[in-house]
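Presented below is the structure to which this report refers.
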Amino acid sequence: MRIRASVAAVTGALALSAFVAPAAHADPMPYTLNVGFSNLKIASSMKAGTTNEVSTTYTYTLTYGSGVDIKASDFYTDAYLYRGSLDDPSATVEGDDPATCAVTTAGTATCTGTVDVYPKDGGLLNADAGKWSVAAEATAFNGQNPDKPDWSKVGFNEKAGLATTSLLRYSKLTVNASPEPVKKGKTLTVTGALTRANWEDHKYHGYTGQSVQLQFKKKGATSYTTVKTVTSDSKGNLKTTVTAASDGYWRYSFAGTSTTPSVSATGDYVDVR
C-alpha cells in the first residue's frame, strides 16, 4: 500500500530533520490521529512459493474520535507485516489496497483487508522466512494533496505488535514405492524428495538434513501409522526399504520447521500378492 510507505517514510525523515535542525526551522510533522487499533486477527501463517501471488485476510477493530471521518475518500487504514522494530523495520509486507471499514457503533468500526505477497517480484529473501509482527495504521489527509501535502494538517497513527504470523517457504514432498506389485515378504524400496521454494532464484531446491516420517495406511484403514523416520540427503532425496506385508498406501510426511510448512505426499498404493 503506497500511502503507508510514503507517510511512514516522510514521518521518519521529518523526525530526523526536527532532531538535527534548530527548532525554529523544523519541518511540520503529521499530527497524531485520534484512532486506536485492537483485536487484530490474521492467519497463523502464509505459505509462499516461487511465482504465485499469496494473500491472507486480516481484521481488526478501529476506534476513532469525533473529529475523524473514516468515510472520507482520503482516509486510509490497513495492517501490514514488519520485521525488527516498527520505527526502523528491516522489511515490510503490505497489501495492494487499504482496508475497508464498516461502522459497528459510534466511534467503532471493523476493518478488513489483505496482505499480498508476490514472490516473483524479487522482494523476498530466503532469510525473510519465519515469524513476522503485525502492525496497523491510519492516515487522514483531510483534503491535502497526498503528493505535496501540508504535513501539519495530515493525521497519522499506528500501533505495533498487534499480532504475529509466519511467512513460510512453500514445501513439496513426493513418494514412490516399488516394485508394484510386490510379493509378500519381499523388500519394498520407498523413495521420494523434500523440496522447498527458493525466493531468490524462484526455483525449488532439496531441503537437506530433515527428518521425514515414512507412513503406511493399510487398505481399508482410515489413518496412517508411522513406520520409521528417514533423513533427507544433500539434495533433499529420501530412500529406505521395508518388508512388504499387506496391501496399502505408503507416503512420506514432513512436520515442518519455523521457516517451512508441514507437508505430506499423496499416498502410493502397493498391491502385495
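- Side-chain contact, Glu53 with Ser55: a donor N or O sits under 3.5 Å from an acceptor N or O.
- Listed by chain and number, the hydrophobic cluster partners of Tyr118 come to none, as no ILVMFWY side chain reaches under 4.5 Å of it.
- Under the ring-ring contact (aromatic ring centres under 6.0 Å, His included) criterion, Trp199 pairs with no residue, sequence neighbours left out.
- Linking ILVMFWY residues whenever their side-chain heavy atoms come closer than 4.5 Å, directly or via other members, places Tyr58 and Val54 in the same cluster.
- When hydrophobic residues (I, L, V, M, F, W, Y) are linked wherever their side-chain heavy atoms come within less than 4.5 Å, Leu168 remains an isolated member.
- For the ring-ring contact (aromatic ring centres under 6.0 Å, His included) test, no residue two or more places apart in sequence or in another chain qualifies with Tyr252.
- Under the rule for a ring-ring contact (aromatic ring centres under 6.0 Å, His included), Phe37 has no partner lying at least two apart in sequence or in another chain.
- Between the side chains of Thr92 and Arg83, no donor-acceptor pair is found at a separation under 3.5 Å.
- Tyr170 forms part of a hydrophobic cluster together with Tyr204, judged by ILVMFWY side-chain heavy-atom separations under 4.5 Å.
- Under a 3.5 Å cut-off, the side chain of Asp116 and the backbone N or O of Asp96 do form a donor-acceptor pair.
- Remark: Ile70 CD1 to Thr108 OG1 distance equals 9.0 Å, nearest 0.5 Å.
- Tyr249 and Thr266 form no side-chain donor-acceptor contact under 3.5 Å, judged by distance and modelled atom types alone.
- Side chain to side chain, Tyr31 and Asn142 meet the donor-acceptor criterion of an N or O pair below 3.5 Å.
- Each of Thr225, Thr226, Val227 was checked for a side-chain contact (heavy atoms from CB on, under 4.5 Å) with Gln215, and the lone residue meeting it is Thr226.
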